[in-house]
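Atom set for the values below is all heavy atoms of this structure, side chains included, hydrogens, waters and symmetry mates excluded. A, B, ... follow the sequence lines: proteins, then strands. Residue 1 opens every chain. Only a predicted model underlies this, so the values are computations on that prediction, with no experimental measurement involved.
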There are 2 protein chains.
Amino acid sequence: MVKATPKRAWGEAIQNRDEQFELKRQVVLRTAARTYSRRGFYETTLVDIAEELNVSKPTLYYYFKNKDEILFECHRLAIEAVTNHDTPMPSAEEATARVRLEEFLRRYVRMVVDDFGTCLVMTGANALEPENRGEVIRGRRQIDTMLREILEQGLADGTLDCPDVKVSSMFVFGAMNWIPRWYHADGAMSLDELTDRLIAFVMRAVAPPRA
Amino acid sequence: MVKATPKRAWGEAIQNRDEQFELKRQVVLRTAARTYSRRGFYETTLVDIAEELNVSKPTLYYYFKNKDEILFECHRLAIEAVTNHDTPMPSAEEATARVRLEEFLRRYVRMVVDDFGTCLVMTGANALEPENRGEVIRGRRQIDTMLREILEQGLADGTLDCPDVKVSSMFVFGAMNWIPRWYHADGAMSLDELTDRLIAFVMRAVAPPRA
DNA sequence: CCACTTTTCGACCCATGGGTAAGTTTGTCA
DNA sequence: TGACAAACTTACCCATGGGTCGAAAAGTGG
């Protein structure tokens with residue numbers, strides 16, 4: 001007779017200790033991000049997260065300084081997924097604004113649908129302590145700038161057109177940031193379909209008059 | 001020597017008691033909505049709200065059952081501002097989908113920029129107790145339906161066109177619900193300008209191929 | 001199998017903040 | 001001006017949940 005609950009370890013021990021530590025940290029973060037997203041940051045207690053990992057609350061403190069740091073790391077990872085992508089965005093010299101915009105939207109949607117991205121968008125940055133908040137805001141601003149820059153390029157190279165770059169970019173971010181509130185990956189629509197629809201929608205909104 | 005703090009009553013006594021009561025209730029709600037919006041529901045304590053009104057915490061309990069009820073009333077008022085507007089929306093027989101869409105967007109933006117609307121959009125409905133949550137969700141769904149119905153009419157009468165009504169409506173709501181996070185009425189752009197920009201943006205996104 | 005480190009946990013502390021009880025002030029109306 | 005209700009306050013209760021402490025497991029290397 002084997003053990004009823006096979007202990008279902010939360011980080012299989014194959015690596016050495018440092019790797020193991022880092023791995024478990026990641027698992028905590030993913031779980032926290034998912035829970036924060038679903039229930040909200042303040043509705044989520046550390047015990048909730050701990051239980052989901054079959055672990056006690058103090059264990060979390062072995063991996064993180066406090067609740068805020070966990071949230072902060074989630075935000076950081078989400079932002080990095082866009083700003084420090086494996087393959088860098090094509091530069092303005094390499095591609096038209098239209099092409100670059102499509103690529104940007106694709107990346108951003110992918111981010112926003114992921115646990116960390118959803119967490120970033122659902123939980124306001126005001127939950128963070130001032131110091132960390134600064135970094136997150138800086139990161140978001142950086143992403144903002146990416147889109148604005150593309151729209152401006154579009155104005156110049158004629159592949160895009162919109163009356164007001166700042167405002168238009170905000171509308172686009174709004175449309176995307178709202179996705180986690182209604183889209184569920186297990187539903188009828190696949191992520192690719194969603195992305196295509198978003199791209200089509202945005203492209204029409206910022207397309208030049210006759211193209 | 002007059003009193004330094006002239007007591008700055010929070011509901012000037014001119015009406016009779018019932019009116020006075022109702023008036024103060026409204027003042028509490030507005031203040032709460034503003035604070036919830038700015039700081040977030042969980043970051044706002046009842047003492048915060050009370051202090052802003054130069055009143056003690058228990059006074060709030062004289063006007064409301066509890067913290068949730070205050071939030072709920074804010075949400076209710078916001079939703080009603082759209083569903084029970086003074087002048088009803090023109091029906092599908094009275095106007096083209098295009099015209100109706102513009103009117104709808106105008107109303108929704110106006111709502112979302114208001115204290116209650118901002119509160120509705122910024123604080124998730126998950127903060128509410130199950131019972132009230134139901135009513136809020138029902139209200140939001142009703143508003144959802146309004147927009148979807150218009151988009152469908154547009155498909156029929158040819159004044160609008162989009163590949164997927166459900167998804168497109170979500171993008172539009174996203175763009176609008178995100179407004180409170182970046183738009184500030186005291187900034188460079190007036191509310192009317194903002195509304196015009198939004199309408200222009202959406203119209204292009206859901207315009208028929210050649211119009 | 002023994003020291004020594006890493007990882008985990010049970011038990012506790014305590015500030016915060018929603019909510020209440022009971023009394024005091026304020027207004028109203030005979 | 002006295003009785004009665006409305007409006008408001010001070011002082012308190014107490015569950016919740018973030019965070020800590022010290023000790024016990026569990027793994028590691030000699």
Should we count CZ of A:Arg181 as having more than 12 external heavy atoms under 6.0 Å?
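Enclosed.
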Do [X] and [Y] sit within salt-bridge range, that is, some charged N less than 4.0 Å from a carboxylate O?
X: A:Asp86; Y: A:Arg107; value: no
X: B:Glu102; Y: B:Arg106; value: yes
X: B:Glu103; Y: B:Arg100; value: no

What nucleotide among C:dC9, D:dT9, C:dT20 has an atom nearest to a side-chain atom of B:Val55?
D:dT9
Checking D:dG19, C:dG19, D:dA7 against the side chain of B:Lys67 (C-beta onward), the nearest is C:dG19
Mind checking if B:Thr45 touches a base, just sugar-phosphate, or nothing, with heavy atoms under 4.0 Å?
sugar-phosphate
Using a 4.0 Å heavy-atom cut-off, does B:Tyr63 contact any base of the nucleic acid, only the sugar-phosphate backbone, or nothing at all?
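Sugar-phosphate contact only.
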Could you state the [atom1]-[atom2] distance from [X] to [N], rounded to the nearest angstrom?
X: B:Leu46; N: D:dC8; atom1: CG; atom2: P; result: 16 Å
X: A:Asp48; N: D:dT16; atom1: CG; atom2: P; result: 13 Å
X: A:Lys65; N: D:dG19; atom1: NZ; atom2: C1'; result: 12 Å
X: B:Leu71; N: C:dG18; atom1: CG; atom2: P; result: 12 Å
X: A:Gln20; N: D:dA26; atom1: CD; atom2: C1'; result: 13 Å
X: A:Lys24; N: C:dT6; atom1: NZ; atom2: P; result: 14 Å
X: A:Leu60; N: D:dG17; atom1: CG; atom2: P; result: 15 Å
X: B:Leu53; N: D:dA7; atom1: CG; atom2: C1'; result: 14 Å

Within less than 4.0 Å of OP1 or OP2 of [N], is there a side-chain N or O belonging to [X]?
X: B:Thr59; N: D:dT9; result: yes
X: A:Ser56; N: C:dT8; result: no
X: A:Tyr62; N: C:dT8; result: no

Side-chain-base donor-acceptor pair under 3.5 Å for A:Lys57 and D:dG17
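No.
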If we count only N and O atoms by modelled type, under 3.5 Å, do the side chains of A:Asn177 and A:Tyr108 hold a donor and an acceptor together?
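There is such a pair (donor and acceptor under 3.5 Å, judged by atom type) between the side chains of A:Asn177 and A:Tyr108.
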